[in-house]
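A quick write-up on the structure given underneath.
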Amino acid sequence: VQLQASGGGLVQAGGSLTLSCAASGRTFRIKSMGWFRQAPGKEREFVAARDWSGSTPYYSDSVKGRFTISRDNAKNMVYLQMNSLKPEDTAVYYCAADVNLRSPQSWSSPGKYDYWGQGTQVTVSS
C-alpha cells in the first residue's frame, strides 16, 4: 500500500483547508485510515481516524468539532476537512493505513499503523 498526502499550505487563523490522501497498491487490505500530525520538537499526535467501511469516525479532543475525516472508497481517497484553524494546528500532517481489524480505541496509536504517507505541511498564521 502506498499513500500520498496533499493539500497542505499556509492559511490564516480561522480559515479552512482540506487535506487529501490517495491510497494505491493493495488497497483491499486497508481496514482503517488515520491522520496524524507532528509539530517541530513534538511527538506525532493523533488527529482523526475511521475504518474503511465508514463507521463512526474518531477524533482527538483538540480537533473535535472543527475537523472532519471522510473517505471515498471508489477513489481510494481519504480527506481531512479542517475548519476554524488555529496556530496550534501548525504541523506536518500524515495519513496512515492499518491493515488489521482493531477497535476504534486503537486508532489513536501511531504504532498500530502499517503504512504512512510522506506528510504535508500545514501552517496557520495568527
Side-chain angles (χ1 to χ4, degrees):
V1 175
Q2 294 80 45
L3 303 175
Q4 180 76 34
S6 61
L10 174 64
V11 64
Q12 288 188 330
S16 299
L17 275 177
T18 299
L19 305 183
S20 301
C21 180
S24 60
R26 304 177 72 185
T27 57
F28 64 89
R29 300 180 63 204
I30 297 173
K31 297 299 188 290
S32 62
M33 294 283 292
W35 285 97
F36 290 77
R37 65 188 182 187
Q38 189 165 18
K42 294 188 177 181
E43 293 186 352
R44 193 162 295 191
E45 175 191 19
F46 170 73
V47 175
R50 72 182 308 158
D51 70 15
W52 208 234
S53 65
S55 67
T56 303
Y58 187 54
Y59 298 96
S60 69
D61 289 342
S62 61
V63 307
K64 196 175 296 181
R66 300 189 297 123
F67 291 11
T68 302
I69 184 172
S70 61
R71 90 277 184 265
D72 184 334
N73 286 11
K75 296 181 179 179
N76 291 323
M77 296 288 295
V78 174
Y79 306 96
L80 185 69
Q81 173 69 43
M82 306 185 294
N83 298 325
S84 302
L85 283 161
K86 304 175 182 180
E88 50 263 43
D89 294 319
T90 295
V92 177
Y93 282 71
Y94 299 88
C95 58
D98 185 357
V99 299
N100 298 288
L101 281 173
R102 303 187 197 276
S103 64
Q105 290 76 16
S106 299
W107 294 347
S108 61
S109 174
K112 302 296 186 183
Y113 290 81
D114 304 285
Y115 301 95
W116 291 84
Q118 83 289 1
T120 184
Q121 176 71 47
V122 172
T123 303
V124 184
S125 62
S126 57

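Count residues from 1 along the sequence.
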Task: Under 3.5 Å side-chain donor-acceptor pair for Y115 and R29 - done: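 There is such a pair (donor and acceptor under 3.5 Å, judged by atom type) between the side chains of Y115 and R29.
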Task: Donor-acceptor side-chain pairing of Q12 and S125 below 3.5 angstrom - done: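 Side-chain D/A pair, Q12 to S125: absent.
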Is a donor on one side and an acceptor on the other found under 3.5 Å between the side chain of [X] and the backbone of [Y]?
X	Y	result
R50	I69	yes
S84	G14	no
E43	Q38	no
N73	N76	no

Open item on the list: Could you see if M33 belongs to whatever hydrophobic cluster contains M77? Use Ile, Leu, Val, Met, Phe, Trp, Tyr and a side-chain cutoff under 4.5 Å.
Closed with: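 M33 and M77: separate clusters.
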Task: Single-linkage hydrophobic cluster, 4.5 Å side-chain cutoff, F67 and Y94 together - done: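 Cluster IDs for F67 and Y94 differ.
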Open item on the list: Applying salt bridge (Lys or Arg N to Asp or Glu O under 4.0 Å) as the test, list every pair that has at least one member in residues 92-109; sequence neighbours left out.
Closed with: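 Matches after skipping sequence neighbours: D98-R102.
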TODO: Over 60° means perpendicular and under 30° means parallel, so classify the ring planes of F46 and Y58, tilted if in between.
DONE: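 Because their plane-to-plane angle lies in the 30° to 60° range, the rings of Y58 and F46 count as tilted.
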Note, [X] side chain near [Y] side chain (heavy atom, < 4.5 Å):
X	Y	value
L19	Y79	no
D114	N100	yes
R37	S62	yes
L80	T18	no

Task: For Y113, the option from W107, W35, F36 that meets ring pair (Phe, Tyr, Trp, His ring centres under 6.0 Å) - done: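 Of the listed options, the one satisfying the test is F36.
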Task: Lys/Arg N to Asp/Glu carboxylate O, K86 vs D89, below 4.0 Å - done: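 Answer for the salt bridge query: no.
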